[in-house]
Amino acid sequence: MTREKTTNAVEVRGLVKHFGETKAVDGIDLDVREGTVMGVLGPNGAGKTTLVRVLSTLLQPDAGTATVAGYDVVRQPRQLRRTIGLTGQYASVDEKLSGRENLYMIGRLLDLSRTAARKRADELLERFSLTEAAKRPASKYSGGMRRRLDLAASMIGRPKVLYLDEPTTGLDPRTRNEVWDEVQNIVADGNTVLLTTQYMEEAERLASELTVIDRGRIIAEGKVPELKAKVGGRTLEVRPVDPGELSRMVGALAQAGLDGVSGATASEEAGVVTVPIVSDEQLTAVVGLLGERGFAIADIATHLPSLDEVFLALTGEKATHEDEKNELEEVAA
Amino acid sequence: MSTATVKAPQSSGTSPGPGAGSAPVKPGADEGRIGLRANLRHISALVRRNALQIKQDPESMMDALLMPIIFTLLFVFVFGGAIGGGSGGSSRDQYIQYLIPGMMGMMGMSIAMAVGTGINEDFRKGVMDRFRSMPIARSSVLIAKSVVEVGRMLVAVTVLLIVGFAVGFDIHGHWLGMLGAVGLTALFGASLLWIFILLGLTMSTAQAVQGVSFLVLMPLQFGSSIFVPTGTMPGWLKAFTDVNPLTHVADSARGLMLGEGAVANPVMWTVIWSVGLTLLTAPVAISKFRKKT
């Protein structure tokens, strides 16, 4: 534990929250330093949302302590609520109200004057590119617009700590990028953010530090590059034009013995060859080699390790769902 | 437990608010208390929300607009002639005089019933989490909802009176009495709201809320003096109708608007019921709302 004089926006010690038999949060310690983004990574049911709900005073902990901006979640809930912004897993805006009315209402609930609330609403609509849709009811918004409105709603009170509970779950990749851009802007302004996510990619893109949790317990924590180093690099997927060439490609790679490249496998069902890589040089070398040998390549893609693979690498335990697509299974090597 | 509790310095002593450009925080915010004026402002912002919801979804007013019309026409023209005892216009006219004031309390109850399903549905949407994680009194969400529902009751009662006047209801100039009856209906209806809010918070689905509400509603409405005088009912039933608050509300409205029959006694019982129900159920509903996860 760091003893240096850092200021923690969020401090959690020995936090426990059980629902009957289920140990949703089972003894978690967590520090989020001011002005940083802490990613809490874990699969469904790991306790991420429970943690966020305790930290936003929506749930009472069974044991342990938690403070946000110096306020205790149990003893000072009212003061604490003044310092936080919450963007839940489900867009928490009023669907029947327009975007502007939603933001205006929240401004008024945060004790802004009528004019100030109106001004702040317009400001945030502009900032989150919602000005055009300002008058439409939120129920008519697309998924991405809804999340952006939700983010805007959380920013109205200029919170000291912003909770983003799975901000992109259920969004398509393009919309996800849109939301990430907005979150990155928020982060760039120096806000403290607690982000929960199921996606390694999201955590890597947004968070500076990571806590990996499973079944209510922390299984790994540290800076993102440290954890990434533990986990390994990316997976390269190469799809030949002719699926019959899969095994020949694997053979060619094995034979060439490129520096540090090993463990290429062919997946007949997916019609791709997967190669674990740890650097851009390896990526270039593999693709270059396949080109030289005259393989006709239809598609190339790289993937970050999935959550399952992260778990496998960090804990040495098998990931929870075994029947996951087998195309990405070699990374942890 | 760890001792490395390094408090954020700017928030431990001074008010958490006045950081660069923070939302202005009322004095006294240090203890996190919410002042009366702030509370009223929150409630009005939430009333506005509920009103905008109705504007966005006008169909949600259908019950308040149509129920009084349908019930009036149904009872006046289907049962009116027969219940009046005779066969002809005059007995129907007498029944109109009896029925319209009686149905006012029923409007209050039927509208109040809808609040339970509304609250229940609200809870399955994230917006409730947002409200509950904000620095507002949690009760203000419920109070705002009640204010709007009382407004809907007044609409229903107004429609009822208009339809009543159209079919020949005559208050013989007891306008003040009418206002009194409307006020009493609103008071009674508001107290019922808390029961249905409590139901909405307790039951797991909106459908269940509706089912149970209906079961409560039917015997109370018909086991009262709303539609017919209770004189012909058997003793056990009369014992029930005599304590049924809907009977008191109906009798009060008749006394006030027609200037005949007892007034003081039913009005007193209506007030006792309303205040009693509110004192009993509102705190439970609010604390349940606070603790709901």
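To the nearest 0.5 angstrom, B:R290 atom CZ is 12.0 Å from A:T57 atom OG1. The CG atom of A:L58 sits 12.0 Å away from the CE atom of B:M128 when rounded to the nearest 0.5 Å. Here the straight-line distance linking atom CD1 of B:I43 with atom CZ of A:R108 works out to 13.0 Å at 0.5 Å rounding. Remark: B:Q56 CD to A:E95 CD distance equals 11.5 Å, nearest 0.5 Å.
Few gaps surround CD on B:Q221; more than 12 heavy atoms of other groups in view lie less than 6.0 Å from it.
For residues 114-124 of chain A, an interface with chain B (any heavy-atom pair closer than 4.5 Å) does not exist.
Between B:A38 and A:D111 the shortest heavy-atom distance is CB-OD1, 4.0 Å. Here the shortest heavy-atom pairing between A:K96 and B:D57 reads NZ-OD2, 3.6 Å. Taking every heavy atom of both residues into account, A:S56 and B:S133 meet most closely at O-CB, 3.8 Å. Contact detail for B:I136 and A:R81: the closest heavy-atom pair is O-NH1, 4.5 Å.
Salt-bridge check for A:E101 with B:R49: failed, with every basic side-chain N at 4.0 Å or more from each acidic carboxylate O.
Side-chain atoms of B:V127 and A:V93, non-hydrogen and from C-beta on, never get closer than 4.5 Å to each other.
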Test side chain to side chain contact (heavy atoms under 4.5 Å, CB included) applied to A:L97 and B:Q53, step by step: CA-CA 6 Å; A:L97 265 56; B:Q53 284 181 334; 3.8 Å; yes

Test A:L109 against B:L46 for side chain to side chain contact (heavy atoms under 4.5 Å, CB included), laying out the working first. CA-CA 8 Å; A:L109 291 177; B:L46 292 165; 3.9 Å; yes

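In this structure, chain B has heavy atoms under 4.5 Å from both the backbone and the side chain of A:I106.
Counting heavy-atom pairs closer than 4.5 Å to chain B, the top residue among A:G107, A:S154, A:S139 is A:S154. With respect to chain B, the highest number of heavy-atom pairs below 4.5 Å among A:P77, A:A153, A:S98 belongs to A:A153.
Exactly one residue among A:D94, A:D150, A:T87 makes a side chain to side chain donor-acceptor pair (under 3.5 Å) with B:R130. That residue is A:D150.
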